[in-house]
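What follows is one structure encoded as structure tokens, with my remarks underneath.
What you see is a predicted model; the values in this text were computed from it and never measured.
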Number of protein chains: 2
Amino acid sequence: MTVSKARQTRLETKGWRFGDAHEFVGLSPEESAYIELKLVLSSALKAKRVSRKLTQAQLSRVVKSSQSRVAKMEAGDPTVSIDLLVKSLLALGVSRKELAGYWGRA
Amino acid sequence: MTVSKARQTRLETKGWRFGDAHEFVGLSPEESAYIELKLVLSSALKAKRVSRKLTQAQLSRVVKSSQSRVAKMEAGDPTVSIDLLVKSLLALGVSRKELAGYWGRA
DNA sequence: TGAGTATATGTCATATGTGACATATTATGT
DNA sequence: ACATAATATGTCACATATGACATATACTCA
């Protein structure tokens, strides 16, 4: 998927209530699955941060990033890669089994 | 991890026989886990391609890439992102459950 | 041995991701 | 209401990933 399309998707989704990204219109199953995965990792990251009682600024130091990028990670911003999300979760001490759990979750 | 460090790791690993990336010297557990994850996805991609009896060139058309990049994906080249590996696996019709399986596999 | 096919490796211009910064918006307390 | 902390959003220079291409190496099969 192109960046502009991803951005458009995100814009189109503002205020949209959904439980399953398959409901996004005009997206192939692969595109939906890819977006779903990022959203799952995003919320996992936020959940982990909150459970550790860290601010975004504090977490950004742990993962060697910036507060704004952490905010974008948690928001599922299209400019954030799965790599960064995975690296951040690993930096928070998340195990591979836990990671697998996130992805397997519908 | 920086690119140069990743490249160095790969070079250092040439001809190295290992079953667990934790054995890489000088890498933190997170770095090892990240590399392991990429290697698992790499071999999953290759296995899928072979089981479908596709050449790298054919697969490259399916995932809209190039033969050389497919080769790099399967080789665990440090310039290949998890994003690309995941997108490619999804394009091959791999389910979320299957991905989760790869993800969790030690 | 060769010719044909598949895979690997190197390079490069361009696309995309990143941290950092400024600033806006939203919470939380007093 | 006000101040203060936390989070969100926008932008940008720089870093990294990408597809494409050339070319090298490996693999079949005759």
Please give, in whole Å, the distance from [N] [atom2] to [X] [atom1]?
| X | N | atom1 | atom2 | answer |
| --- | --- | --- | --- | --- |
| Leu85(A) | dT16(C) | CG | P | 19 Å |
| Ile82(A) | dT18(D) | CD1 | P | 11 Å |
| Asp77(B) | dA17(D) | CG | C1' | 10 Å |

Salt bridge between Glu74(B) and Lys48(B), side-chain N to carboxylate O under 4.0 Å?
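Salt bridge absent between Glu74(B) and Lys48(B).
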Please report the closest heavy-atom contact between Ser81(A) and Asp83(B), naming both atoms and the distance.
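In terms of heavy atoms, the two residues are closest at CB-OD1, 3.4 Å.
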Measure from the side chain of Val80(A), starting at C-beta and using heavy atoms only, and say which of dT18(D), dT7(C), dT18(C) lies closest.
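Per side-chain heavy atoms of Val80(A), the pick is dT18(C).
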Between residues 54-74 of chain B and DNA chain D, which residues have a heavy-atom gap below 4.0 Å?
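Only Lys64(B), Ser65(B), Ser66(B), Ser68(B), Arg69(B), Lys72(B) qualify.
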Sidechain-backbone polar pair: Lys38(A) side chain, Met73(A) backbone, donor-acceptor under 3.5 Å:
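No: the side chain of Lys38(A) does not pair with the backbone of Met73(A).
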Stacked cation flag Arg96(A) on Trp103(B), 6.0 angstrom / 45 deg:
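Arg96(A) over Trp103(B) ring: no.
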Looking at dG17(C), I'd like to know if its phosphate oxygens (OP1 or OP2) sit under 4.0 Å from a side-chain N or O belonging to Ser81(B).
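No, no such contact exists.
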At what distance, to the nearest 0.5 angstrom, does CG of Leu41(A) lie from NZ of Lys46(A)?
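Going from the CG atom of Leu41(A) to the NZ atom of Lys46(A) covers 15.5 Å.
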Using only heavy-atom distances, determine whether the side chains of Gln58(A) and Gln67(A) contain a donor-acceptor pair under 3.5 Å.
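The answer is no; no qualifying pair exists.
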5'-most by nearest nucleotide on DNA chain C - Lys46(B) or Asp83(B)
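It is Lys46(B), whose closest nucleotide lies nearer the 5' terminus.
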